[in-house]
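The structure appears below as structure tokens.
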Amino acid sequence: MLRDHPTIRRLLLAVAGTAAGVGVMLAQTPRREFEVASIRPNNAGRPTTYINPFVFAPGGHFTATNVTLVDVIVQAYQTRRIQMQGGPAWIDSDRFDIVAKADLDQGRIEPGQWTLMIKALLEDRFKLAVHKETKETQVYALVVGKNPPKLQPSKEGEQTTSTQGARGQINFQRIGV
């Protein structure tokens, strides 16, 4: 049962559009960047199934295939599209292939550095400027009703399945907690 929930505070990622692309403001902190990067339009269209398009390979290589700018922002800023505001319409529709390589003279790339390097690439190539703000908004909470469903836990050894249904529905059978 969905019930109206009082407003809560959440973090929003604001993306403002400019004539040159997407505008953003971040505190300037020195960070590692890619030595070379290629960003090319990919006109192959929307992928039919979701496969993680981001590859972090040994030797400082990063590739993202057939991705929108929103895909990359969500990955780099650990957010969701619903939490972003602003930006031109093309950030959801235009797709790109990104290939970048880091200079390994600065040493091995630690896992946390990849995110910072992708953010720097977005700021440099797309003129992305981001600021975070707290905003009160209406949300819905999923709560148990008066007559909760009588679900049975799955038994050891039972085959579990999840299948996609119509209109984004997902059906789970015998899925454990």
Side-chain angles (χ1 to χ4, degrees), residues 2-34 37-42 44-57 60-102 109-143 162 164 167-170 172 175 177:
L2 285 178
R3 184 182 301 163
D4 190 26
H5 191 274
T7 59
I8 63 167
R9 298 179 72 80
R10 69 179 182 162
L11 194 61
L12 293 177
L13 175 67
V15 181
T18 65
V22 180
V24 180
M25 292 171 49
L26 287 176
Q28 295 298 323
T29 56
R31 61 181 162 206
R32 194 164 178 179
E33 295 183 7
F34 290 108
S38 168
I39 301 174
R40 299 193 185 280
N42 180 328
R46 218 167 167 70
T48 54
T49 59
Y50 182 78
I51 298 172
N52 187 358
F54 302 95
V55 177
F56 303 96
H61 294 274
F62 167 73
T63 60
T65 305
N66 199 20
V67 294
T68 65
L69 185 56
V70 167
D71 294 334
V72 183
I73 292 170
V74 165
Q75 175 83 14
Y77 290 92
Q78 295 298 298
T79 189
R80 296 177 299 162
R81 178 61 175 119
I82 196 169
Q83 294 176 291
M84 291 186 259
Q85 287 183 302
W90 63 263
I91 67 173
D92 288 299
S93 59
D94 290 4
R95 296 190 162 276
F96 303 92
D97 288 339
I98 302 171
V99 178
K101 183 181 179 307
I109 300 170
E110 299 300 322
Q113 289 179 309
W114 284 110
T115 300
L116 297 174
M117 294 169 69
I118 294 169
K119 287 178 182 180
L121 181 68
L122 291 171
E123 292 167 16
D124 180 49
R125 297 294 182 90
F126 290 99
K127 306 303 179 211
L128 182 71
V130 175
H131 80 271
K132 295 179 181 182
E133 63 185 47
T134 302
K135 180 179 179 181
E136 293 204 14
T137 183
Q138 285 290 122
V139 297
Y140 289 98
L142 185 61
V143 296
S162 63
Q164 272 190 297
R167 298 180 293 162
Q169 180 183 31
I170 302 175
F172 297 97
I175 303 291
V177 178

Apply side chain to side chain contact (heavy atoms under 4.5 Å, CB included) to the pair Leu122 and Tyr77, showing each step before the final yes or no. CA-CA 11 Å; Leu122 291 171; Tyr77 290 92; 4.3 Å; yes
Would you sort out whether Gln75 and Val67 count as a side chain to side chain contact (heavy atoms under 4.5 Å, CB included), showing the intermediate values? CA-CA 11 Å; Gln75 175 83 14; Val67 294; over 6 Å; no
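Between Leu69 atom CG and Phe96 atom CZ the span is 6.5 Å, to the nearest 0.5 Å. In this structure, CG in Asp92 is found 4.0 Å from CZ in Arg81, a value given to the nearest 0.5 Å. Distance check, rounded to the nearest 0.5 Å: NZ of Lys135 to CD of Gln83 gives 12.0 Å.
Around the CD atom of Gln164, the shell of radius 6.0 Å holds no more than 12 heavy atoms that belong to other residues, nucleotides or ligands.
Here the shortest heavy-atom pairing between Arg95 and Asp71 reads NH1-OD2, 3.8 Å. Taking every heavy atom of both residues into account, Ala120 and Glu33 meet most closely at CB-CG, 3.7 Å.
Looking at Ile98 and Leu121, their side chains come closer than 4.5 Å, going by heavy atoms from C-beta outward. A 4.5 Å side-chain heavy-atom check between Phe126 and Ile39 finds at least one atom pair inside the cut-off. Contact of the Lys101 side chain with the His61 side chain is registered, since non-hydrogen atoms from C-beta on lie closer than 4.5 Å. Side-chain contact between Thr68 and Ile73: absent, with no pair of heavy atoms (C-beta onward) separated by less than 4.5 Å.
Note: Phe62 and Phe34 have parallel aromatic rings, judged against thresholds of 30 and 60 degrees for the angle between ring planes.
Not one N or O on the side chain of Arg32 forms a donor-acceptor pair closer than 3.5 Å with the backbone of Ala102.
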